[in-house]
Novice: 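One structure is given below, represented as structure tokens, and several questions about it will come after.
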Amino acid sequence: MLNELTKGIFRENPLLRLLLGTCPSLAVTSSLENGFGMGAATTFVLLCSNAMISLLKGIVPSKVRIPVFIVIIATFVTITDLSMSAYVPDLHKNLGLFIPLIVVNCIILGRAEAFASKNGIVPSLLDGLGMGIGFTMALSLIGSIREILGAGTLMGASLFGPSYQPFLMFVLPAGAFLTLGLTMGVMNWMEKRKA
Amino acid sequence: MPTELIYPIAMLAGFGLALGIGLAIAAKVFAVEVDPRVEAIEKLLPGANCGGCGFPGCSGYAEAMVLAGASPSLCPAIKAPEQKKVGEVLGVVVEERAPMMAVIRCAGKVSPENFKYDYMGEPDCATAVLLAGGPNPCRYGCLGMGSCVKACPFGAMTLRPDLPPIVDPEKCVACGKCVSACPKALITLMPVDRQIIVMCSSLDKGKPVKDLCAVGCIACGLCAKKCPETAITMERNLPVIDYAKCTSCGTCAEVCPQNSILDKNRKTVAAGV
Amino acid sequence: MKSAFEIMKIGAFLMAVCALASFGLALTNRATAPLISEQKRIAREMAMKEVLPGAVEFEDIELSDGRLAFNGKNSSGETIGMATIVSPKGYGGVIETMVGMDVDFKVTGIKILNMQETPGLGAKAGDPAFSGQFKGKTGEQLYLSDKDVKKGEIDAITASTITSKAVTDGVREAVEAMKNAE
Amino acid sequence: MMNDIVVLVIGAIFVNNFVLARFLGICPFVGVSKRVGDAVGMGMAVIFVMILASVASWLTFFYVLTPLKIEYMTTIAFILIIASLVQFVENVIKKMAPALYKSLGIYLPLITTNCAVLGIALLNVQNGYTLTQTVLHAVGASVGFTMALVLLAGIRERLERADIPPSLKGAPITFITSGLLAIAFMGFIGMV
């Protein structure tokens, strides 16, 4: 049972291994805070939708399977969206368009289809939690790299003092692609060296 | 129930109902009846989509068999038990087909030492042949870079240092992919049980061949003269065996001064293919 | 007839799920809606105070061209200036800017409400270094210093002329709008 | 009016290209860009669905959500429509054009989970476009998406032959290539 939880973090890390959920991971990881916020929101939605879908898996008629799953996921996303804009407005502004896009985030529908619709509620919850944590860690990692290089700060606190000329590229879209590609490369390299 | 609760519920529920019914009707109206037999046969076929049967992949072949009555014995890659089952599904008797395999008609030495230039390009015959017919001094000889090996969907061919690739009769299903992949057209499909094979495709005569290759056919014609069944005729400086007459006695392989003819019983070809 | 019942069943199932979902959403919305509008109002209030220093009380008015504006009154109740919101089109999208102006049409301050300018380049428009330049300027001075022929007094941000020009034009437009609304 | 059309379409194709600048639709962008043939197939499917989805979502927003003052339901209503639309289109194509379905069919379910389709529906509404602008934006965005996809597919086909450090093979090199592509596309910024 524990393996459901741990597999999501490194071995089957949704972003760096399974290549799921790359859209938000590139767009909102311009800083650690955004990356973490996005990861947390996605984890919450993933948990709830995995639980709900594994409850309903028996009675969903096959012809409307995808619309039903999507409505469930969308409900939790909108709840997250509304509560975030009420309680954490500035983070909500940074994440902007990408909170509603959690609905089509490939991780959630992917896990729902691949896992939750076939397993019981507890494994689904664990799987959701594992995947969520893995995703949040990956996002925070990329977020911090991009923030340190792109803006010379971490969580807003300046690291290298005012004289540091930030490497602007990393905050721009192109930098996001490069960071993700290189991070995956390093991970593969570590995997090879360890194995 | 205040209106600001009713509106959203009514709206989404309305959409849900309309779309649910719409999808259900669409699934019914647009249902495409798939003949169950096609699926059954498709499962039996090897699924390598090699095209050896002449149809676009296994699903295309399965459909052709069920709908267009194509003969079930066209699939080169199928094993006997599955082929029998396909026959049963179709309700047709499947006549056995002699197993075939691919043979590379060249046994010469293929190594960079005796290449006519230093080839630094893409390790692929089709690319190498573009450069003055490839690095092999013998214009007809194998380049040894494995275009055929890459083309084989069943992994039946393996590259060897200094020699043309070797074909594993077990794995080879004679789908013909390698035949079209070889830029020198050295590969032909032959019955697995054939004993006598001319292992050279050089159209040159005498000295030019002798200088370049230890086992190249110099078109001396001895095999044609000595063959007890006169099954061999010399065409464009190469012996062509009429396998109807040939009794695999092996005299041609014996007399051949260059050992260009392979006799599987006694493995005469010098390169030991 | 069985298939008709089957279709209805599927339709009903999706409807039920949607109804349940929207019920949950409506509840959440009811809980969060007041909070969100409260937040918006506070943000606007803060912006207005920043743009019209010294103003305590605000009164919504409509300008001649239908634009929404506010009259700023100080503690003793007299109007000390006006503010409005303009949305010039910048480099990455619309730059929503609030512009404050005192009674003799001098800009008292500007604040960028939201924008999607490139971080590190256009986004510098929000820093006081750039937005502070507008204070005390009016009419003719509200042009980019090197760019326009009339020798304006606003220095553009390096490597983001488009953003600087957009904001400057927006502020000038706001001042014009408020001027002829008097 | 003419200038407005050009600005909108060219802007969506080059300036804020859906994939390279707005990061929408990366999953299929990475997943399906192995061969140019697949990329074009996916591109066509995306163009078709994006335009249909944009129009459907615009109509829903302005004739259902706004009058009833339930704008917060936008996301859930849009995604429900898009999912059903894609499933409906899949059924239609499977029946009407089996050959087309064979080459295009496998991509259609992929599109439901495609951020670009929902992304454009939401953007059209957020930018307050009129119906014609919505269609133009959809055309521009989907053509931009297809162009980026086909460009990457072309490059990736050549990458198969290049010698890449082993740990960078596969997804990492694709992202790095997309990054360079994004840098190239940055040249268009400010054009519109």
Side-chain angles (χ1 to χ4, degrees), chain A residues 16-28 63-75 77-78 81-82 85 96-110 113 169 172-193, chain D residues 16-17 19-31 72-84 86-87 91 109-119 121-123 126 164-186 189:
Chain A
L16 300 172
R17 273 287 176 275
L18 309 180
L19 258 166
L20 295 173
T22 35
C23 309
S25 68
L26 292 170
V28 289
K63 292 205 176 36
V64 279
R65 195 164 46 82
I66 296 186
V68 166
F69 283 174
I70 287 219
V71 162
I72 295 171
I73 297 171
T75 323
V77 168
T78 319
D81 191 9
L82 291 177
S85 65
L97 174 69
F98 281 90
I99 294 186
L101 284 188
I102 297 181
V103 173
V104 280
N105 185 334
C106 318
I107 294 182
I108 300 180
L109 197 60
E113 289 269 320
M169 165 59 65
L172 299 176
F177 278 117
L178 295 175
T179 323
L180 189 57
L182 292 173
T183 321
M184 275 189 202
V186 165
M187 242 182 120
N188 291 347
W189 180 70
M190 278 197 312
E191 195 72 26
K192 275 203 176 49
R193 219 160 54 83
Chain D
N16 24 44
N17 180 295
V19 181
L20 298 171
R22 283 196 201 279
F23 292 112
L24 294 167
I26 306 277
C27 303
F29 183 66
V30 173
Y72 65 91
M73 298 287 282
T74 318
T75 318
I76 193 162
F78 278 8
I79 195 62
L80 178 64
I81 293 168
I82 290 175
S84 318
V86 170
Q87 195 162 338
N91 285 340
L110 252 177
I111 295 179
T112 359
T113 66
N114 181 340
C115 330
V117 181
L118 180 62
L122 291 170
L123 279 175
Q126 263 170 16
I164 305 161
S167 61
L168 279 183
K169 273 209 165 28
I173 194 67
T174 318
F175 277 109
I176 294 171
T177 327
S178 329
L180 301 177
L181 212 57
I183 294 175
F185 266 66
M186 270 165 72
I189 290 188

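The chains referred to below are lettered A, B, ... by the order of the sequence lines, with proteins before strands, and numbering in each begins at 1. This one's a predicted model, so the numbers in the text were calculated from it and none came from an experiment.
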Novice: D:Gln87 and A:Ile66: side-chain contact (heavy atoms from CB on, under 4.5 Å), yes or no, with the steps?
Specialist: CA-CA 9 Å; D:Gln87 195 162 338; A:Ile66 296 186; 4.3 Å; yes
Novice: Between D:Ala182 and A:Phe177, what is the shortest heavy-atom contact and its length?
Specialist: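 For D:Ala182 versus A:Phe177, the nearest heavy atoms are CB-CD1, 4.0 Å.
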Novice: Given the options A:Leu178, A:Val186, A:Thr183, which has more heavy-atom pairs under 4.5 Å with chain D than any of the others?
Specialist: A:Leu178
Novice: Testing A:Ile102, A:Thr75, A:Val103, A:Ile99 for side-chain contact (heavy atoms from CB on, under 4.5 Å) with D:Thr75, which one passes?
Specialist: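 Per the side-chain contact (heavy atoms from CB on, under 4.5 Å) rule, the option paired with D:Thr75 is A:Val103, out of A:Ile102, A:Thr75, A:Val103, A:Ile99.
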Novice: Specify the closest pair of heavy atoms between A:Pro67 and D:Ala83, including all atoms of both residues, with the distance to one decimal.
Specialist: CA-CB, 4.4 Å
Novice: How close do A:Lys192 and D:Ser167 get, counting heavy atoms only, and between which atoms?
Specialist: NZ-CA, 4.0 Å
Novice: Picking from D:Leu20, D:Ile176, D:Thr174, which has the most non-hydrogen pairs under 4.5 angstrom with chain A?
Specialist: D:Ile176
Novice: Under 4.5 Å from any heavy atom of chain D, what part of A:Leu82 do you find: side chain, backbone, both or neither?
Specialist: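 Answer is side chain: those atoms of A:Leu82 sit under 4.5 Å from chain D.
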Novice: Dump the intermediate steps for side-chain contact (heavy atoms from CB on, under 4.5 Å) on A:Ile70 and D:Leu80, then the final yes or no.
Specialist: CA-CA 7 Å; A:Ile70 287 219; D:Leu80 178 64; 5.9 Å; no
Novice: Can you tell which part of D:Pro165 gets under 4.5 Å to a heavy atom of chain A, answering side chain, backbone, both or neither?
Specialist: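 Contact with chain A: none, neither part.
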Novice: Identify the heavy atoms of D:Leu168 and A:Gly181 that sit nearest to each other, and give their distance.
Specialist: CD2-O, 4.5 Å
Novice: With a 4.5 Å heavy-atom cut-off, do D:Pro172 and A:Asn188 have their side chains touching?
Specialist: yes
Novice: Would you give the length of the straight line joining atom CE of A:Met184 to atom CD1 of D:Ile173, rounded to the nearest 0.5 angstrom?
Specialist: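 Taking CE in A:Met184 and CD1 in D:Ile173, the distance rounds to 12.0 Å.
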Novice: Given the options D:Thr74, D:Leu118, D:Leu180, which has more heavy-atom pairs under 4.5 Å with chain A than any of the others?
Specialist: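 Top option by heavy-atom pairs under 4.5 Å: D:Leu118.
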